[in-house]
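Notes to accompany the following structure.
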Amino acid sequence: MKERLTAQKLKSLKGQTPLVWITAYDFSQAQLVEEAGVDVVLVGDSVGTTVMGYESTIPVTLDNMLYHAQMVRRGAPNTMMAVDLPFLTYTTPDEALRSAGRLMQQAMADAVKLEGGRKILAEVDALIRHDIPVVGHIGLTPQSLHSMGGYRVQARTQNSIQLLVDDARALCDHGVCSIVLEGIPDRVAQYVTEVVTVPTIGIGAGNQTDGQVMVFYDCLGLTSRYPKFAKPFADLRGSILQGLSQYQAEVQSRAFPDDEHSYHVPDKEWEAFWNQREENH
Ligand code: KIV
């Protein structure tokens, strides 16, 4: 069994074999990702869109994250677990501490992930000062959906590339253990990876980051629509639909349950019942 990574160990893995992160949202998914041996399981606020059916991550609450993180922790006790702080739960250093504290104490998170660069440094400082490992997340940050004007690839102009690089450097200088780079051009992600000393984890950021993260449902082919950067490595949606339609057909034709999937009573017992049935009624 692989050793559960700590934030310190994670930092030391920069530049080595690419790190494998994946999201999970419940006990059974977490068991599977632990058995597969991924490096880090992320309880993402993408739970809002993938599991809860919201259009964005904005309605996700801290209680929602706690509920899902507790399930994931039970399913993957030996895997480093990072948990997202959802929208508006880290607007001040005190609020960030209270929110992250709940994830650390009530779900046994190993790290929390916050979206944003220099604008959240005071919150990052407060967390790290209180021994809470922090994962940064810059580029396309879904919680900023409205200010980005939609889910758009970021850092495509000279100015915005420089701003992103400055954010990455600042997060790194302030002590984050890793930085998720989402929805940015591959060359930009490669440059950021070269200039920071912590592992960068890409999603829609090309293949030169220190690792990759994927959303569980995208990775395993469990949705009907994929972002451009997502590659399904299995067709679970197809398998599930196929299984459901076979179940339906076999129930309707009485092929299921067959003998093998039914319980039986010994003939002797049945005959005794039959012969004296309803006698006392
Ligand atoms: O919420 C999430 O799943 C994430 C990943 C996409 C990085 O933040």
Task: side-chain hydrogen bond (donor to acceptor under 3.5 Å, both in side chains) between T61 and N64, intermediate numbers included - done: CA-CA 5 Å; T61 65; N64 294 151; 3.1 Å; yes
Task: For V215 against S46, the heavy-atom pair lying closest together - done: CG2-OG, 4.2 Å
Open item on the list: Under a 3.5 Å threshold, yes or no: a donor from one side chain and an acceptor from the other, between N159 and T157?
Closed with: no
Task: Minimum side-chain heavy-atom gap D186-Q208 below 4.5 Å - done: no
Task: Any donor-acceptor N/O pair, Q29 side chain to Y25 backbone, under 3.5 Å - done: yes
TODO: Show your working on side-chain contact (heavy atoms from CB on, under 4.5 Å) between T79 and V33 and close with a plain yes or no.
DONE: CA-CA 9 Å; T79 305; V33 305; 5.7 Å; no
Task: Closest heavy-atom pair and its distance - M108, R4 - done: O-NH2, 3.9 Å
Task: Audit row: Y151, E182, side-chain hydrogen bond (donor to acceptor under 3.5 Å, both in side chains) steps and yes/no - done: CA-CA 11 Å; Y151 297 115; E182 178 168 354; over 6 Å; no
Task: Minimum-distance pair of heavy atoms, taken over all atoms of P199 and L19 - done: CB-CD1, 3.8 Å
TODO: Taking the side chain as every heavy atom from C-beta outward, state whether K11 and P133 have any pair of such atoms under 4.5 Å apart.
DONE: no
Open item on the list: Could you report the tightest heavy-atom contact between V198 and V176, atom names first, then the distance?
Closed with: CG1-O, 3.3 Å
Open item on the list: Tell me if the CD atom of E194 is crowded by more than 12 foreign heavy atoms within 6.0 Å.
Closed with: yes
Task: Point-to-point distance, once rounded to the nearest 0.5 Å, from CD of Q158 to CG of L163 - done: 10.5 Å
Task: Verdict with supporting geometry, V20 and I22, side-chain contact (heavy atoms from CB on, under 4.5 Å) - done: CA-CA 7 Å; V20 182; I22 191 163; 5.7 Å; no
Open item on the list: Listing request: all salt bridge (Lys or Arg N to Asp or Glu O under 4.0 Å) pairs with a residue in residues 60-79, at least two apart in sequence or in separate chains.
Closed with: D63-R102, R73-D110
Open item on the list: If you define the side chain from C-beta out and look only at heavy atoms, does anything of E34 sit under 4.5 Å from N78?
Closed with: yes
- [ ] Take atom CD of E35 as the centre, draw a 6.0 Å sphere, and report whether it contains more than 12 heavy atoms from other residues, nucleotides or ligands.
- [x] no
Task: side-chain contact (heavy atoms from CB on, under 4.5 Å) evaluation trace for I128 with H174 - done: CA-CA 8 Å; I128 291 175; H174 282 251; 5.5 Å; no
Open item on the list: Test of understanding: with side chain to side chain contact (heavy atoms under 4.5 Å, CB included), list the residues that count as partners of D258, not counting sequence neighbours.
Closed with: E260, H261
Task: side chain to side chain contact (heavy atoms under 4.5 Å, CB included) partners for K2, two or more places apart - done: D39
TODO: Answer whether the closest heavy-atom distance between the side chains of K14 and T193 falls below 4.5 Å.
DONE: yes
Distance-only check: which donor-acceptor pairs under 3.5 Å involve side-chain atoms of residues 218-232, not counting sequence neighbours?
residue, atom, partner, partner atom, Å
T223, OG1, R225, O, 3.1
Y226, OH, T223, O, 3.0

TODO: Please report the shortest heavy-atom distance between N207 and Q212, naming the atom on each side.
DONE: CA-NE2, 3.8 Å
Task: Nearest-0.5 Å distance that lies between atom CH2 in W21 and atom NZ in K113 - done: 8.5 Å
Task: N/O donor-acceptor pair under 3.5 Å between R152 side chain and G149 backbone - done: yes
TODO: Mind checking side chain to side chain contact (heavy atoms under 4.5 Å, CB included) for Y247 and listing every partner two or more places apart, or none if nothing turns up?
DONE: V251, F256
Name every donor-acceptor pair, under 3.5 Å, that has one atom in a side chain of residues 164-171 and the other anywhere in the protein, sequence neighbours excluded.
residue, atom, partner, partner atom, Å
D166, OD1, Q162, NE2, 3.0
D167, OD1, R118, N, 2.9
D167, OD1, R118, NE, 2.7
D167, OD1, R118, NH2, 3.4

Open item on the list: My understanding is that only one of T23, V180, V135 makes a side chain to side chain contact (heavy atoms under 4.5 Å, CB included) with L42; could you say which?
Closed with: T23
Open item on the list: With rounding to the nearest 0.5 angstrom, report the OH to CD1 distance, Y191 to I161.
Closed with: 10.5 Å
- [ ] Over all heavy atoms of both residues, which pair between T57 and D45 is shortest? Give the atoms and the distance, please.
- [x] CG2-O, 3.3 Å
Task: L66 and Q70: CA distance, side-chain angles, deciding distance, side-chain contact (heavy atoms from CB on, under 4.5 Å) verdict - done: CA-CA 6 Å; L66 200 54; Q70 286 168 337; 4.0 Å; yes
